[in-house]
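What follows is one structure encoded as structure tokens, with my remarks underneath.
Each residue takes its place number in the sequence, starting with 1.
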Amino acid sequence: MIKLQFCGAAGTVTGSCYLLDTERHRLLIDCGLFQGSKAIKERNYGPFPFNPGAIDALILTHAHIDHCGLIPKLYLQGFKGPVYTTPVTADLARVLLPDSGHIQEMEVERKNRKNSRAGMPLLTPIYTAAQAATCLDNFQTIDYQQEQEILPGVRLRLQDAGHILGSAIAEIWIQDDGRESKITFSGDLGNPGQPIVNDPAAIEATDYLVMESTYGNRRHNIQGDKIERLKEVILATRKKGGNLVIPAFAVERTQDLLYALNVLLQRGAIQVDNLYLDSPLAVAATEIFCRHQEYFDTDAKDLSHNGSTCPFYLPGMHLCRTAEESMAINKIHSGAIIISASGMADAGRIKHHLKHNLWRPEATVLLVGYQADGTLGRRLLEGEKRVRIHGEEIAVRAEIVSIDGFSAHADQEGLLNWVKSFRQPPRLVFVTHGEPEAAGDFARLLRTELGLAAEVPGWLDVVQLLPGTAEIAPAPAAALTAAGTAAAAEATYQRLLVQLKALVETGFTSGDYAGVNRKLQQIETLVDQGLQEKAG
């Protein structure tokens, strides 16, 4: 029997994490950080819905934090196995994960200053930069198309997902009672025709497919050539006399932008005098991209040969590594192009640049990637006129512009075409990694247009897969009850954590300390009763 549990990226885009239990082995695919709304992010702080010490190995599809960001926590809580991934992803993780730990340390330090003044409990980071660095020696690399037995009876092959450099589709074969089942995890699929990366690889056949649906109900609204559109935004902002601020993920989106700027420079379409890449992580990631040019597509290799040794280094570009270099940018009120992380404007140095430019009507903020529900980027995209950054309310007077063509995710058409490319279609598709509406719409499209069986699992749902069949078999009653109870208990626990935090924050904000204390004492009494019953 093979059981599959959806421990993340179910009902939401982030927190990618899937558990495959073959009874002999327990295999994790991705272990990502939850991003977005406060309720979703609370999941990062609770226990895993499984025993990390019982996991035998982990497969990492790519280096984005919503796929790898909880790996250090996994090791801290008992995981001792290897992480299998591509060479590029391993290199990127070596800078991304310590950076993630550093950001958490800085965010917690800032919040604790407020908590101290308010008399609230102090927080601890999920993991530190040093703790993140200690797990990186466990990464083992597998190149594309190389098939390898990673556990007895479990074979793995990684194929190019075309999403970011080094991103992979994971094909997993599992031997069970003399029969073999194949389960394929799409990871994040790239947008065909993008620069730098190749198009997603076609997969011939699989029994079960776990597939992303980030843009499952949308098509990219590409108005003309995206590079020409970028030129128009740059020229219009310069004419207004302001800065152009671009929140961009340090990996891939930043390099896409630098590539596009290089193309415009070589065409003589723009001049770039004040281009600032303000992200130590983006600087490091760009260096890694330049070391792995063998993974570039043909166009990127050609641009590299026609210009500098690497297409991402532009004449006069300022690489900002230190905090002092970053703060100096905020003294510039006109003519600067500022590329900074994070891509959803939820953390990192970009928040400082938005704080200094959002209130300026002559400035432009350009969004070039997916903005998850609840993030600052999403709220700007949806037209909010006042936002809070680092505790300060900021008026939004800058022009907010979006260019969909830079997305590294396939849209609905791209996702559908990728499924159509299977020579033997999957028997069952689990649609994940999308907001509920996107996942639901794409699952319906798979059923109606391709005639496939498609399901949208919920967070912590467990399904049982039988080799050689097209159906999900019901688990034995005892196992089903145990799995269902565990999932339900974990979900209730996570909801309770969120509700407790909201209770305390609301009460403290209103000054109702006595009311908060009374309610907490009532909860404490119920918990004590439960512990006494268990002891009895």
Side-chain angles (χ1 to χ4, degrees), residues 106 110 227 229-250 253-254 257-258 260-262 264-265 268-283 286 312-369 371 375-403 406:
M106 295 301 100
R110 182 180 61 82
I227 294 181
R229 181 77 180 105
L230 176 61
K231 179 191 78 173
E232 292 169 3
V233 173
I234 292 170
L235 296 179
T237 306
R238 293 217 164 158
K239 187 176 180 180
K240 289 190 299 179
N243 293 327
L244 175 59
V245 181
I246 311 177
F249 293 113
R253 194 70 69 258
T254 289
L257 286 164
L258 295 174
L261 289 169
N262 197 344
L264 290 172
L265 277 173
I270 61 169
Q271 291 183 338
V272 179
D273 302 318
N274 285 334
L275 171 60
Y276 295 88
L277 180 54
D278 184 28
S279 165
L281 181 60
V283 172
T286 301
F312 312 124
Y313 293 135
L314 280 63
M317 181 170 70
H318 304 275
L319 303 178
C320 302
R321 292 181 171 88
T322 68
E324 291 74 20
E325 290 170 328
S326 177
M327 288 187 287
I329 300 171
N330 293 322
K331 298 176 183 177
I332 302 172
H333 299 157
S334 176
I337 300 174
I338 306 164
I339 302 173
S340 186
S342 70
M344 297 185 194
D346 243 15
R349 294 182 178 183
I350 189 62
K351 295 178 75 172
H352 295 278
H353 299 305
L354 291 172
K355 184 176 178 179
H356 283 83
N357 286 277
L358 271 176
W359 56 274
R360 301 178 186 272
E362 67 273 18
T364 302
V365 176
L366 175 59
L367 302 172
V368 292
Q371 306 298 317
T375 60
L376 177 57
R378 179 69 162 262
R379 286 183 279 130
L380 292 173
L381 188 63
E382 291 177 344
E384 283 199 19
K385 297 304 179 185
R386 303 190 77 83
V387 296
R388 185 168 290 275
I389 301 176
H390 296 150
E392 183 178 342
E393 195 169 86
I394 308 294
V396 180
R397 298 194 184 100
E399 182 182 4
I400 309 299
V401 180
S402 174
I403 301 179
F406 284 98

Quick one: does any side-chain atom of Arg378 pair with a main-chain N or O of Gln371 as donor and acceptor, under 3.5 Å?
yes
Straight-line distance of Ile270 CD1 to Leu264 CG, nearest 0.5 Å
4.5 Å
Can you tell me how far the CD atom of Glu362 sits from the NZ atom of Lys240, to the nearest 0.5 Å?
8.0 Å
Ile234/Leu261 under side chain to side chain contact (heavy atoms under 4.5 Å, CB included): CA gap, chis, key distance, verdict:
CA-CA 10 Å; Ile234 292 170; Leu261 289 169; 3.6 Å; yes
For Ala395 versus Arg386, what's the shortest heavy-atom pair and its separation?
CB-NH1, 3.9 Å
Please step through side chain to side chain contact (heavy atoms under 4.5 Å, CB included) for the pair Ile329 and His353, ending with a clear verdict.
CA-CA 8 Å; Ile329 300 171; His353 299 305; 3.9 Å; yes
For Ser279 and Ala250, which heavy atoms make the closest approach, and how far apart are they?
OG-CB, 4.3 Å
Answer yes or no: is there a donor N or O on one side and an acceptor on the other, between the side chain of Ser340 and the main chain of Pro247, under 3.5 Å?
no
Which heavy atom in Ile389 sits nearest to a heavy atom in Lys355, and how many Å separate them?
CD1-N, 4.0 Å
Working to the nearest 0.5 angstrom, can you tell me the gap between Leu244 CG and Thr364 OG1?
6.0 Å
Where do Arg253 and Val368 land on the side chain to side chain contact (heavy atoms under 4.5 Å, CB included) test, with the steps shown first?
CA-CA 8 Å; Arg253 194 70 69 258; Val368 292; 3.5 Å; yes
To the nearest 0.5 Å, tell me how far His333 NE2 sits from Asn357 CG.
8.0 Å
Tell me which one of Lys351, Arg349, Arg321 satisfies salt bridge (charged side-chain N to carboxylate O under 4.0 Å, His left out) with Asp278.
Arg349
Considering non-hydrogen atoms only, spot the tightest contact between His318 and Asn274 and give its length.
NE2-OD1, 4.4 Å
Pairwise distance CG(Leu367) to CG(Leu381) - rounded to 0.5 angstrom
5.5 Å
Leu265/Leu275 under side chain to side chain contact (heavy atoms under 4.5 Å, CB included): CA gap, chis, key distance, verdict
CA-CA 12 Å; Leu265 277 173; Leu275 171 60; over 6 Å; no
If you round to the nearest 0.5 Å, how far is OH of Tyr313 from CG of Leu258?
9.5 Å
Could you tell me if the side chain of Ile400 sits less than 4.5 Å from the side chain of Leu358, heavy atoms only?
yes
What closest approach, in Å, do Thr286 and Phe312 show between heavy atoms, and which atom pair accounts for it?
CG2-CB, 3.6 Å
Nearest heavy-atom neighbours spanning Arg238 and Gly335:
NH2-O, 3.5 Å
Over 12 non-hydrogen atoms of neighbours within 6.0 angstrom of CD in Glu325:
yes
With side chain to side chain contact (heavy atoms under 4.5 Å, CB included) as the test, pick out the partner of Ile337 among Ile246, Leu257, Asp273, Leu277.
Ile246
Within the side chain of Asn243, is there an N or O that forms a donor-acceptor pair under 3.5 Å with the backbone of Ile332?
yes
